[in-house]
Amino acid sequence: MSFLPVEEQLEVIKRGTVEIVPEDELVEKLKKSKKENKPLKIKLGVDPTRPDLHLGHSVILRKMRQFQDLGHEAILIIGGFTAMIGDPTGQNKTRPPLSMEEVKENAQTYIDQAKNILDPEKLTLTNNYDWLGEMDFMDVIKLTSKLTVARMIERDDFSKRFHNNESISLHEFLYPLAQGQDSVHLKSDVELGGTDQKFNLLVGRQLQKEDGQDPQVCLMMPLLVGTDGSRKMSKSYDNYIGINEEPNNMYGKALSIPDNLIYEYFELVTDIPLDELPAMKEKAEKDPRNAKHDLALAIVKLYHGEEAAKGAKKHFEQTVIKKEIPDDAPEFFVDVGEETRLLDIIAETGFSQSNGQTKRMIKQGGVSINDKKVTNKNHTVTLSEGEEFTLKVGKRNFGIVKAR
RNA sequence: GGGGAGAUACCAAAGCGGCCAACUGGGGCAGACUGUAAAUCUGUUGUCGUAAGACUUCGCAGGUUCGAAUCCUGCUCUCCCCA
């Protein structure tokens with residue numbers, strides 16, 4: 001295949017990118033690749049510890065996809081070996097190491113999900129266990145001699161933990177070296193990572209240089225801010241939008257982001273064309289309400305298709321804006337003529353964690369039957385043949401209860 | 001190797017023999033409001049029970065006591081200082 005002009009490639013590559021270190025080397029590599037008609041090796045290491053991918057992960061995976069579309073070679077490294085060490089990056093705690101079995105399982109789920117974003121046909125998959133597992137103690141010691149302790153504790157998260165009197169296990173220091181060794185092994189041209197990975201990516205550069213290789217270019221993507229608008233998107237903060245999430249949830253969550261994030265999301269997690277971005281930016285400022293609906297629609301469409309996206313929009317309008325019962329409310333059944341406690345019905349639906357919580361919600365006016373608030377926590381219902389009612393529990397749990 | 005400090009509910013952090021299911025903040029949940037599942041304000045926040053109440057929870061295992069998150073013993077883990 002023939003490559004696009006370097007300028008055009010660069011434009012795509014720089015979409016949403018925070019930093020390219022160093023940019024001129026990237027330009028050189030692109031020129032050379034075009035001239036020799038040889039794709040660049042784009043490396044992305046992933047940790048198979050958290051199998052549920054969300055939009056935060058998608059930022060980097062999408063960048064990887066863009067490189068694929070430009071004709072370069074995407075190499076996904078499953079950190080099988082490194083996961084068994086436990087990556088400390090961005091954590092304030094030591095991560096528990098995983099077993100071989102868990103790694104395999106997680107890696108598979110990861111890949112299955114990543115294939116929603118990457119082009120599986122053009123993807124090279126590797127596992128760093130294959131080469132890191134081969135190293136003997138001497139090799140490891142030689143590797144450690146290439147970085148000083150002072151340099152190591154420069155790293156943001158290490159220095160924070162160090163100053164907060166939190167534990168840092170020695171093996172965690174080996175993580176950046178292991179990751180860097182991956183680059184040496186693969187002779188990667190570019191490594192992708194979040195801004196929190198900068199240190200690790202730079203170690204890769206250094207090790208490649210020492211090995212006499214042309215060092216990789218480090219490309220940092222921003223950490224996507226989560227739906228809470230303040231912290232990075234993460235499962236543990238519960239501010240994430242999962243890529244496997246149900247369309248309705250996905251849509252609603254997308255709408256809950258603060259207005260000032262609308263544009264960023266367009267740029268980083270949707271595929272709207274580059275030349276439409278400026279118009280979106282303007283819309284996000286002038287008409288945030290509609291821009292956000294466009295965004296939610298675009299996101300759901302990306303993972304579930306157009307139909308589902310429209311359905312999610314409708315669902316949202318019904319339940320949240322008009323506060324009506326959605327078309328797709330699940331059904332529950334009670335026995336005909338049997339006096340049944342509402343408490344038990346709700347327990348059946350799974351809308352509440354415990355009877356205590358249900359009682360609390362009733363007390364606070366969070367439960368209604370046919371749009372009428374239930375005030376008595378011992379409320380009972382008796383349905384005759386063919387009778388039914390709509391049940392609302394909390395903000396967004398709807399159900400239809402029928403006699404059986 | 002020696003000395004010291006600490007481990008409390010989802011997180012942070014009070015409590016230091018009964019009034020503790022445990023102050024407070026964050027988070028969560030609910031209500032009001034809103035273009036929104038945002039922001040704000042208010043309420044609420046172990047499980048079971050109609051209720052009275054019962055049960056489980058304060059690192060783990062035992063013990064003292066009428067009674068322990070609080071006292072004692074052992075264990076595990078973490079941090080600091082010295083070597």
Side-chain angles (χ1 to χ4, degrees), chain A residues 55 88 91-96 158-170 172 225-242 245-265 283-297 299-300 312-324 326 339-347 349-368 371-381 391-398:
Chain A
L55 291 186
Q91 300 290 116
N92 48 14
K93 260 192 215 138
T94 306
R95 273 191 203 173
F158 281 146
S159 70
K160 260 187 207 143
R161 284 161 66 189
F162 192 70
H163 287 116
N164 287 340
N165 296 340
E166 284 162 10
S167 73
I168 301 173
S169 296
L170 200 52
E172 296 179 55
V225 178
T227 54
D228 59 1
S230 53
R231 295 178 293 185
K232 73 163 183 175
M233 184 173 283
S234 156
K235 221 176 133 187
S236 38
Y237 298 148
D238 198 23
N239 61 356
Y240 70 100
I241 303 177
E245 216 155 334
E246 229 210 316
N248 292 345
N249 270 346
M250 214 178 213
Y251 195 93
K253 282 187 178 184
L255 270 193
S256 78
I257 65 168
D259 291 356
N260 63 344
L261 288 179
I262 297 174
Y263 175 69
E264 203 177 315
Y265 270 56
K283 186 166 181 182
E285 278 160 22
K286 291 193 175 145
D287 185 9
R289 194 190 86 90
N290 286 319
K292 210 187 278 188
H293 278 279
D294 290 350
L295 174 68
L297 210 56
I299 292 173
V300 179
K313 181 174 184 170
K314 188 177 169 204
H315 179 270
F316 186 87
E317 281 166 353
Q318 277 182 325
T319 60
V320 180
I321 298 177
K322 297 185 197 151
K323 299 186 199 296
E324 288 170 353
E339 182 175 22
T340 317
R341 291 194 313 160
L342 188 59
L343 213 54
D344 295 328
I345 297 173
I346 291 174
T349 64
F351 290 158
S352 171
Q353 303 285 321
S354 65
N355 285 354
Q357 191 186 22
T358 306
K359 285 181 210 160
R360 236 175 275 140
M361 283 198 280
I362 291 175
K363 196 171 150 202
Q364 299 182 130
V367 174
S368 50
D371 247 357
K372 251 211 215 111
K373 275 184 190 174
V374 175
T375 48
N376 176 10
K377 58 188 170 209
N378 296 317
H379 188 83
T380 59
V381 291
L391 173 69
K392 184 184 178 201
V393 182
K395 268 195 248 257
R396 52 192 122 117
N397 295 309
F398 293 91

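A, B, ... follow the sequence lines: proteins, then strands. Residue 1 opens every chain. Since we're looking at a predicted model, the values are computed, not measured. All values below were derived from every heavy atom in this structure, side-chain atoms included, with hydrogens, water molecules and symmetry-related copies excluded.
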Identify the nucleotide, in any strand shown, that forms a Watson-Crick or G-U wobble pair with [N], with both distances under 3.5 Å; if there is none, say none.
N	result
B:G67	none
B:A22	none
B:A13	none
B:C79	B:G4

Nearest non-hydrogen partners of A:V393 and A:L391, listed with the distance: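 Distance-wise, the nearest heavy atoms are CG2-CG, 3.9 Å.
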
Please state the [atom1] separation for the pair [N] and [M] - nearest whole angstrom.
N	M	atom1	result
B:C82	B:G26	P	38 Å
B:G46	B:G25	P	15 Å
B:A21	B:C81	P	40 Å
B:A54	B:C19	P	14 Å
B:G1	B:U73	C1'	25 Å
B:A61	B:C77	C1'	15 Å
B:U65	B:C48	P	36 Å
B:G6	B:G59	P	13 Å

Close residues, residues 285-297 of chain A, relative to RNA chain B [heavy-atom separation under 4.0 Å]: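 Correct list: A:R289, A:K292.
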
Measuring to OP1 and OP2 of [N], would you say a side-chain N or O of [X] lies under 4.0 angstrom away?
X	N	result
A:K395	B:C33	no
A:R360	B:C29	no
A:S354	B:U47	yes

Once you round it to whole Å, what is the distance between [atom2] of [N] and [atom1] of [X]?
X	N	atom1	atom2	answer
A:I362	B:C29	CD1	P	18 Å
A:K313	B:G35	NZ	P	16 Å
A:F398	B:A37	CZ	C1'	12 Å
A:K359	B:G49	NZ	P	6 Å
A:K377	B:A51	NZ	C1'	9 Å
A:I262	B:G35	CD1	P	15 Å
A:N249	B:U36	CG	P	18 Å
A:I346	B:C29	CD1	C1'	14 Å

Residue [X], side-chain atoms from C-beta onward, closest of [options]:
X	options	answer
A:I321	B:G49, B:U36, B:C29	B:U36
A:K373	B:G31, B:G35, B:U45	B:G31
A:M361	B:U50, B:G49, B:A30	B:A30
A:N355	B:U36, B:G49, B:C29	B:G49

Contacts of A:R231 that satisfy salt bridge (Lys or Arg N to Asp or Glu O under 4.0 Å) - sequence neighbours left out: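 With sequence neighbours excluded, A:R231 shows a salt bridge (Lys or Arg N to Asp or Glu O under 4.0 Å) to A:D228, given in chain and number order.
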
Any residue meeting ring pair (Phe, Tyr, Trp, His ring centres under 6.0 Å) with A:Y263, in chain and number order, not counting sequence neighbours: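 Ring pair (Phe, Tyr, Trp, His ring centres under 6.0 Å) list for A:Y263, sorted by chain: empty.
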
Of A:G394 and A:H315, the one whose closest RNA chain B nucleotide lies more 5':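 Residue closer to the 5' terminus by nearest nucleotide: A:G394.
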
Along RNA chain B (nearest heavy atom to each residue), the more 5'-positioned of A:F316 and A:K323: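 Here A:K323 is the residue nearer the 5' end.
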
Is the side chain of [X] donor-acceptor paired with the backbone N or O of [Y] at a distance under 3.5 Å, no angle test?
X	Y	value
A:Q357	A:Q353	yes
A:Y265	A:A296	no
A:N239	A:K232	yes

Using a heavy-atom cut-off of 4.0 Å across all strands, would you classify [X] as base, sugar-phosphate, or nothing?
X	value
A:G252	base
A:D228	nothing
A:N397	nothing
A:D238	nothing

Presence of donor-acceptor pair under 3.5 Å, side chain of A:K363 and base of B:G31: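 Under the 3.5 Å cut-off, the side chain and the base do not form any donor-acceptor pair.
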
Side-chain donor/acceptor of A:Q364 to base of B:G31, under 3.5 Å: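 Counting by modelled atom types and ignoring angles, no donor-acceptor contact under 3.5 Å is found here.
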
Sequence-distant partners of A:Q318, side chain to side chain contact (heavy atoms under 4.5 Å, CB included), two or more places apart: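 Partners of A:Q318 by the side chain to side chain contact (heavy atoms under 4.5 Å, CB included) criterion, ordered by chain and then number, come out as A:K314, A:E324, A:P326, A:D327.
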
Counterpart residues, side chain to side chain contact (heavy atoms under 4.5 Å, CB included), relative to A:K377 (two or more places apart):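 A:K377 satisfies side chain to side chain contact (heavy atoms under 4.5 Å, CB included) with A:K359, A:I362 once adjacent residues are dropped.
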
Verdict with supporting geometry, A:I241 and A:M233, side-chain contact (heavy atoms from CB on, under 4.5 Å): CA-CA 8 Å; A:I241 303 177; A:M233 184 173 283; 4.3 Å; yes

Which pairs would a plain distance check flag for residues 254-261 of chain A, meaning a side-chain donor or acceptor within less than 3.5 Å of a matching protein atom at least two apart in sequence or in another chain?
{"unit_1": "A:S256", "atom_1": "OG", "unit_2": "A:K253", "atom_2": "O", "d": "2.8"}
{"unit_1": "A:D259", "atom_1": "OD1", "unit_2": "A:K292", "atom_2": "NZ", "d": "3.0"}

